[in-house]
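Note that ligands are numbered from 1 as they come in the structure, with each ligand's atoms numbered from 1 the same way. Heavy-atom basis, side chains included; hydrogens, waters and symmetry copies ignored.
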Amino acid sequence: MRIFGPDIDRPALQPPHSVPRYDLHSHSTHSDGLLTPAALVRRAVTRGVDVLALTDHDELSGLAEAQGEAAAAGLRLVPGAELSVTWRGVTLHVLGLRIDAACPELRDGLAGIRAGRTERARRIGASLADAGIPGAYEGALGFVTSDRLISRTHFARFLVEAGHVRDVRDVFKRYLVRGKPGHVEHEWAGLAEAIEWIHAAGGRAVLAHPGRYKLGTEGLRELLTEFRDAGGDGIEVVSPSHSAAQTTDFARHARGLGLLASSGSDYHGPGESYVDLGDMPPLPAGVTPVWHDW
Ligand code: AMP
Ligand code: MN
Ligand code: MN
Ligand code: MN
């Protein structure tokens, strides 16, 4: 299914390169992406990515397949996950990068986060039914690609297919967000415990797309400080969720707080993402890349 129109054959933005190209945020069919882990890795190779992190939401089950394909294709695969966190009532995403997928603390923590998703999805379905859209839970299940995880993205794809909205981006303006039909409150993991699980697994904790949280200047400063003080390692400075001004701002925050800087496309699949794998601008000067000692 194409949701935003053709972007499949667009050439990679960057010229042939001598420094490795990193993309440390992507999704597969093991959460809410459209490509299998192997297909994602093959696409990354085609797009000129040298080092790719697979960071499925609250899930590690795609990593083995991605590792296998990466080994065959000569790409460096960074095992990762994107953890759902609640901080002061706000949902945040924290990337765990270069984690050991066998770590029991991390595995148990993620299983706990996932367990809440099905019950939440039923509540989303009930909320949409109240707004005159019946059958959304069952409809969303039709788009689920892993029996371990259902997300708002699956509801979004259902709402597009059922003709309620034009595309997935439009869904998140009219549905599934605070104040709109299909929005439900949900308690994810705590910030400090998510960082602890990532560290238990030997990984680095990176606050994903900090520009998306609508916290205001002071709230953002408090979040970044608390994240750093809880042991957080870095922030995703370069993300398609950020304007150029935000990127500059987050680079400044990273330097000021002594946090590492990361870069990721947050790729979800052909036709559904703002940028393709690896198609990000370079990190701003003066930051320390999260991969500096890898
Ligand atoms: P969940 O973890 O179930 O709350 O689902 C969150 C997912 O919804 C994100 O990871 C995105 O894939 C998708 N999403 C949220 N907001 C937007 C948006 N504004 N545009 C497109 N996708 C979005
Ligand atoms: Mn997603
Ligand atoms: Mn995210
Ligand atoms: Mn993501």
Asp32-His57 side chain donor-acceptor pair, cut-off 3.5 Å
yes
Does a donor on one side chain and an acceptor on the other come within less than 3.5 Å for His30 and Ser146?
no
Would you say His93 and ligand 1 have an N/O pair spaced under 3.5 Å apart?
no
With only distance considered, is Trp188 within less than 3.5 Å of ligand 1 through an N or O on each side?
no
Which is the closest N/O/S atom of Asp32 when seen from the Mn ion (ligand 2)?
OD2
Using heavy atoms and a threshold below 4.0 Å, how should the contact between Glu82 and ligand 1 be classified: side chain, backbone, both, or neither?
neither
Taking heavy atoms and a distance under 4.0 Å, where does Arg117 meet ligand 1: side chain, backbone, both or neither?
side chain
Looking only at non-hydrogen atoms, find the nearest pair between Gly80 and Leu60 and report the distance.
O-CD2, 4.0 Å
Could you list the atoms of ligand 1 found under 4.0 angstrom from a heavy atom of His268?
10 (O), 12 (O)
Could you confirm whether His57 has any N/O/S atom lying under 2.8 Å from the Mn ion (ligand 3)?
no
Would you say Asp266 reaches the Mn ion (ligand 2) with an N/O/S atom under 2.8 Å?
no
I need the atoms of ligand 1 closer than 4.0 Å to a non-hydrogen atom of Arg120, numbered in the order shown.
1 (P), 3 (O), 4 (O)
With backbone taken as N, CA, C and O and side chain as the heavy atoms from C-beta onward, which portion of Asp32 lies under 4.0 Å from ligand 1: side chain, backbone, both, or neither?
side chain
Does any non-hydrogen side-chain atom of Trp291 lie less than 4.5 Å from one of Arg76?
no
Find all atoms of ligand 1 within a distance of less than 4.0 Å from any non-hydrogen atom belonging to Thr153, and give their numbers and elements.
7 (C), 8 (O), 11 (C), 12 (O), 13 (C)
Arg88, CZ: over 12 other non-hydrogen atoms inside 6.0 angstrom
yes
Does the cation-pi check pass for Arg123 over Tyr137, that is, NZ or CZ under 6.0 Å from the six-membered ring centre and within 45° of its axis?
no
Does the gap between the ring centers of His242 and His209 come in under 6.0 Å?
no
Under 4.0 Å, heavy-atom basis, I'd like to know which part of Lys173 is in contact with ligand 1: side chain, backbone, both or neither.
neither
Assess the pair His186 and Trp188: is the distance between their ring centroids shorter than 6.0 Å?
yes
Heteroatom proximity flag, Ser84 to ligand 1, N/O under 3.5 Å:
no
Taking the Mn ion (ligand 3) as the vertex, what is the angle from OE2 of Glu82 to ND1 of His93, given to 10 degrees?
80°
Flag side-chain contact, heavy atom, 4.5 Å: Tyr175 against Ile133
yes
